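Shown next, in structure tokens, is the structure this report addresses.
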Amino acid sequence: RTALACHGALSEVGWELSDLFLIARILAFGTAEEKKTKPLPLVILMLIHHALGLLMVIPMNLNFPDFYYYHEGIFLLQFVAFVAISSQMYGYTLDTNTPSGLMVMRINVTFVLLLMGWSRGIRYAIVAFHVLSLLHSEASTAMFVGGCIGVALMSLMNAVMLIDGAGK
């Protein structure tokens with residue numbers, strides 16, 4: 001269980017690093033067309049999105065690899081991303097011009113909103129509290145501060161995702 005959770009977290013960090021390198025390459029050396037795909041607001045949003053993983057995964061893997069709430073946090077963030085993206089892709093296949101297609105789309109969007117509300121809202125706050133409590137009592141000040149920054153930025157990202165989902 002520990003190895004799987006830690007490996008999953010490292011895989012996420014690897015993806016985040018590759019995404020940041022891609023953004024940096026495009027901004028530094030990309031064509032005008034490529035640069036249009038990375039406007040500043042999107043770049044800022046991606047930095048906020050990647051902050052938690054980049055700040056927390058390696059220190060948590062090294063210092064608290066068996067911590068239950070760390071594992072749950074990884075699962076919540078990765079699993080819900082998978083379900084939300086899968087549901088979005090499914091939504092693209094629906095014909096919303098028909099009553100049945102529109103009804104299925106509404107059910108799909110409601111399901112994702114409820115799942116996001118639980119995993120990126122209510123449960124995220126509980127998990128973040130437990131992780132920060134552990135860091136406050138057992139980790140270095142630098143690790144606790146990094147955790148606070150990561151959790152604050154991810155909380156902002158979660159709020160954006162929940163607001164976007166509620167708007168649909």
Side-chain angles (χ1 to χ4, degrees), residues 1-30 34-35 37-88 112-167:
R1 178 168 92 186
T2 295
L4 183 60
C6 292
H7 181 74
L10 285 173
S11 295
E12 180 71 14
V13 167
W15 181 87
E16 291 167 349
L17 283 173
S18 72
D19 190 46
L20 289 177
F21 288 139
L22 175 66
I23 291 169
R25 185 205 53 84
I26 288 172
L27 293 178
F29 308 110
E34 285 179 315
K35 288 180 181 180
T37 67
K38 303 296 180 198
L40 184 59
L42 178 63
V43 171
I44 291 169
L45 189 66
M46 294 314 295
L47 290 173
I48 291 170
H49 178 258
H50 295 329
L52 183 64
L54 295 173
L55 287 170
M56 295 292 296
V57 167
I58 292 176
M60 288 298 290
N61 278 3
L62 292 174
N63 295 292
F64 305 105
D66 297 321
F67 188 51
Y68 171 83
Y69 289 102
Y70 173 51
H71 296 183
E72 184 178 352
I74 294 164
F75 175 79
L76 286 174
L77 295 175
Q78 290 187 334
F79 179 72
V80 171
F82 163 74
V83 171
I85 290 169
S86 297
S87 294
Q88 181 182 22
V112 171
L113 179 61
L114 292 172
L115 185 64
M116 297 276 280
W118 171 253
S119 64
R120 290 188 177 263
I122 297 166
R123 193 64 193 167
Y124 173 81
I126 294 167
V127 169
F129 170 79
H130 285 288
V131 170
L132 291 177
S133 294
L134 173 78
L135 295 180
H136 184 263
S137 65
E138 296 186 29
S140 68
T141 302
M143 192 169 171
F144 175 66
V145 170
C148 289
I149 292 168
V151 165
L153 291 173
M154 194 63 193
S155 297
L156 178 62
M157 185 69 182
N158 288 345
V160 168
M161 290 181 171
L162 289 170
I163 291 167
D164 179 61

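For clarity, every value in this text was computed on a predicted model and none was experimentally measured.
- Relative orientation of the Phe79 and Phe75 rings is parallel, given thresholds of 30° and 60° on the angle between their planes.
- Across every non-hydrogen atom of Leu162 and Gly121, the tightest pair is CD1-CA, 4.1 Å.
- A distance of 5.0 Å separates CG of Leu17 from CG of Leu54, quoted to the nearest 0.5 Å.
- In this structure, the separation between OH on Tyr68 and CD on Glu72 is 4.0 Å, given to the nearest 0.5 Å.
- Remark: His49 NE2 to Met161 CE distance equals 4.5 Å, nearest 0.5 Å.
- One finds the OH atom of Tyr69 at 11.5 Å from the CG atom of Leu76 (value rounded to the nearest 0.5 Å).
- With sequence neighbours excluded, no residue forms a side-chain hydrogen bond (donor to acceptor under 3.5 Å, both in side chains) with Asn63.
- Expressed to the nearest 0.5 Å, how far CD1 of Ile23 lies from NE2 of His50 amounts to 5.5 Å.
- Between Tyr124 and Met116 there is no side-chain heavy-atom pair separated by less than 4.5 Å.
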(request) Could you walk me through whether Ile58 and Leu10 pass side chain to side chain contact (heavy atoms under 4.5 Å, CB included), step by step? (result) CA-CA 7 Å; Ile58 292 176; Leu10 285 173; 4.1 Å; yes

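- Between Val131 and Met56, the closest side-chain pair of non-hydrogen atoms falls below 4.5 Å.
- Thr37 places a side-chain N or O within donor-acceptor distance of the main-chain N or O of Glu34, the cut-off being under 3.5 Å.
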(request) Would you check, one step at a time, whether the test side chain to side chain contact (heavy atoms under 4.5 Å, CB included) holds for Arg120 with Leu77? (result) CA-CA 7 Å; Arg120 290 188 177 263; Leu77 295 175; 3.7 Å; yes

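- Here Ile48 contributes atom CD1 and Leu153 contributes atom CG; the two are 6.0 Å apart, rounded to the nearest 0.5 Å.
- What you find for Ala84 and Val112 is that their closest heavy atoms are CB-CG1, 4.2 Å.
- Contact of the Ser87 side chain with the Val83 side chain is registered, since non-hydrogen atoms from C-beta on lie closer than 4.5 Å.
- Contact record, Gly147 with Leu132: C-CD2, 3.5 Å, taken as the closest heavy-atom pair.
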(request) Determine, stepwise, if the pair Leu27 / Lys38 fulfils side chain to side chain contact (heavy atoms under 4.5 Å, CB included). (result) CA-CA 8 Å; Leu27 293 178; Lys38 303 296 180 198; 4.2 Å; yes

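- Val145 places none of its side-chain heavy atoms less than 4.5 Å from the side chain of Leu135.
- Between Leu113 and Ala166 the shortest heavy-atom distance is CD1-N, 3.6 Å.
- In terms of heavy-atom proximity, Ala5 sits nearest to Ile74 at O-CD1, 3.5 Å.
- Counting only heavy atoms from C-beta outward, the side chains of Tyr70 and Leu134 never approach each other to under 4.5 Å.
- Looking at heavy atoms from C-beta onward, Val43 lies out of side-chain contact with Met46 at the 4.5 angstrom threshold.
- Atom CG of Leu47 is surrounded by more than 12 heavy atoms from other residues, nucleotides or ligands within 6.0 Å.
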